[in-house]
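Take a look at the structure below.
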Amino acid sequence: MSTIESSVSSILLDRVAEWLTNSSLAGDELENIVRGFCERLTAAGLPLARVHLSFSMLHPLYDALSFTWRRASGVTIEGFRMPAGQKPDRFLQSPYYYLLDNNLQHIRRRLLLDGPNEFPIFEDLRKDSITDYLAFVQPFGDGSVQGMMGSWSTDHNTGFSDDMIDALLRMQNHLAVAAKMAVLGKLANNMLTTYLGGDAGKRVLNGQIRRGDGETIRAALVMGDMRESTMYAEKEGRQAYIDTLNQFFDAIAAPFNRNGGEILSFLGDGFLAVYPCGRHKDPSKIACEAALSAVHQAQARVAELNRDREQKGLTRVGYGIGLHVGNVMFGNVGLKDRLTFSAFGSAVNEVQRLQILTKKYGREVVASQAFAGYCGGEWTTLGEEKLRGIRQKVTVLQPRAPAPAINVDESFREAVQNGLSEAEQVILLHRDAKKQVKRTSMEKFIQ
């Protein structure tokens with residue numbers, strides 16, 4: 001790089017701090033905050049070549065989010081999940097672990113071309129012509145499990161001046177405040193989405209938090225259930241049963257959380273999914289066809305799961321699926337200070353009882369006449385049933401043609417093989433797709 005002045009403009013840094021405050025108040029995403037912050041620091045005259053930031057997260061799929069900003073290429077993002085009870089050697093030999101192990105807040109190292117590699121990551125940094133490196137740990141409050149770790153790197157030939165280090169430390173505090181706000185916002189969204197579902201979570205975040213808040217929607221309904229779960233629980237033990245149940249949900253339930261569908265709730269070893277639609281024929285037809293397409297995907301995925309289980313000497317998993325269409329009341333019910341966001345009403349009761357009828361008729365999938373009528377195609381009538389609480393008898397049908405051959409997602413096959421859930425596998429695939437060189441997952445969090 002060309003020679004630059006070592007002094008840093010306090011006026012421009014104040015503008016960066018002001019931008020961080022405004023971004024926090026506006027509820028900006030963490031990615032936008034990191035990108036905008038790094039770009040504004042370089043615009044203010046700091047010769048940053050690389051910035052690495054890792055944030056611990058309370059999330060069911062990963063333990064941390066990592067952002068790596070490079071002057072030449074912008075920001076890359078990765079989610080990381082720490083293997084249970086393991087600390088990879090690369091992490092134990094990293095500057096971050098050194099900081100944590102020695103209860104330090106900062107570590108600064110000049111990287112000479114022919115100097116020793118105190119930490120393995122320095123070898124990679126030298127390849128990028130990095131001359132100076134400053135790592136830090138920034139907790140989000142005393143006793144908090146959440147916080148920020150990061151590093152500032154420059155390729156300027158004289159490294160960081162004292163003015164630059166002072167500026168970085170000062171701006172680090174402003175960044176921590178903005179990042180904490182974004183992490184807490186992300187945490188709220190993660191928890192509500194995880195436990196309530198995407199649409200219900202948005203409704204709660206938008207203020208539908210009082211008992212009775214809600215509405216009536218029309219939807220295609222799917223109720224699925226695992227067979228002989230009590231036997232599995234008694235035979236396999238608690239943890240093996242939980243693992244089997246999660247594998248079952250990964251296989252059968254995931255397709256109903258796409259293409260307009262959403263899983264509203266998991267009910268023991270079953271689930272309820274909805275495909276909201278308008279009250280006219282065409283929207284109802286689209287919703288029912290999407291639900292039936294997801295059924296075919298689910299059947300193929302369970303077949304793949306059972307082939308894998310048989311190869312391992314495990315028992316096959318059975319299931320039943322009921323399909324219906326109707327009006328659903330969707331909203332908050334419960335106590336004044338302890339609520340759940342759920343779907344209820346006669347259509348929900350009917351689809352649940354249709355699912356139970358798969359046991360009587362020995363079929364994996366049954367549907368109501370209303371669902372089959374909107375969906376079209378060939379159906380076989382199994383009989384008419386008087387459902388408890390329903391005045392008129394309901395015609396019960398099953399798809400006549402066998403489920404079409406479906407290519408099971410490669411990500412699901414890998415998830416079955418390595419024990420990760422499909423959602424976790426998606427995170428890992430997203431991470432791997434962004435790698436430019438082959439390295440372990442931990443390495444992204446120790447730069």
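Side chains are part of it too, since the values below use all heavy atoms of this structure and drop only hydrogens, waters and symmetry mates.
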Please determine if E304 and R307 form a salt bridge, counting it only when a charged side-chain N lies under 4.0 Å from a carboxylate O.
yes
Is a side-chain donor or acceptor of R108 paired with a backbone partner of F160 at a separation under 3.5 angstrom?
yes
Could you walk me through whether D132 and H156 pass side chain to side chain contact (heavy atoms under 4.5 Å, CB included), step by step?
CA-CA 8 Å; D132 208 347; H156 185 246; over 6 Å; no
Stepwise side chain to side chain contact (heavy atoms under 4.5 Å, CB included) test for D269 and F248:
CA-CA 9 Å; D269 55 3; F248 169 72; 5.7 Å; no
So, do F136 and W152 have ring centers that fall under 6.0 Å from each other?
yes
Going through the distances and angles, do L53 and L175 end up as a side chain to side chain contact (heavy atoms under 4.5 Å, CB included)?
CA-CA 10 Å; L53 300 168; L175 175 62; 3.8 Å; yes
Assess whether atom CG of N32 is packed by more than 12 heavy atoms of other residues, nucleotides or ligands within 6.0 Å.
yes
Hey, could you give me the CD/CG distance between Q138 and L169, rounded to the nearest 0.5 Å?
10.0 Å
Looking at D101 and Y97, would you say the former's side chain and the latter's main chain have a donor-acceptor pair under 3.5 Å?
no
Expected output: side-chain S24 to main-chain L20 donor-acceptor under 3.5 Å:
yes
Quick one: does any side-chain atom of R50 pair with a main-chain N or O of T68 as donor and acceptor, under 3.5 Å?
no
May I ask you to say whether R227 pairs ionically with D225, meaning some side-chain N is under 4.0 Å from a carboxylate O?
yes
Kindly assign one of parallel, tilted or perpendicular to the pair F271 and F249, based on the angle between their ring planes and the thresholds 30° and 60°.
perpendicular
Any donor and acceptor pair, going by atom type alone, linking the side chain of T131 with main-chain N or O of T158 inside 3.5 Å?
no
Quickly, which of L46, V51, I33 forms a side-chain contact (heavy atoms from CB on, under 4.5 Å) with C38? Name it, please.
V51
When you measure from the side chain of R316 to the backbone N and O of R309, does any donor-acceptor pair fall under 3.5 Å?
no
Indicate whether the side chain of N306 and that of E310 have a donor and an acceptor atom separated by less than 3.5 Å.
no
Test your reading of the model: is there a side-chain donor-acceptor pair from R40 to the backbone of G36, 3.5 Å cut-off?
yes
Measuring only between side-chain heavy atoms, which start at C-beta, is I77 closer than 4.5 Å to V34?
no
Taking atom CD1 of I11 as the centre, report whether more than 12 heavy atoms of other residues, nucleotides or ligands fall under 6.0 Å from it.
no
Any non-hydrogen side-chain atom of F122 less than 4.5 Å from a side-chain atom of I130?
no
With side chain to side chain contact (heavy atoms under 4.5 Å, CB included) as the test, would you mind laying out the steps for R70 and T76 before giving the verdict?
CA-CA 9 Å; R70 294 177 177 84; T76 57; 4.0 Å; yes
When you measure from the side chain of N257 to the backbone of I263, do you find a donor-acceptor pair of N or O atoms at a distance under 3.5 Å?
yes
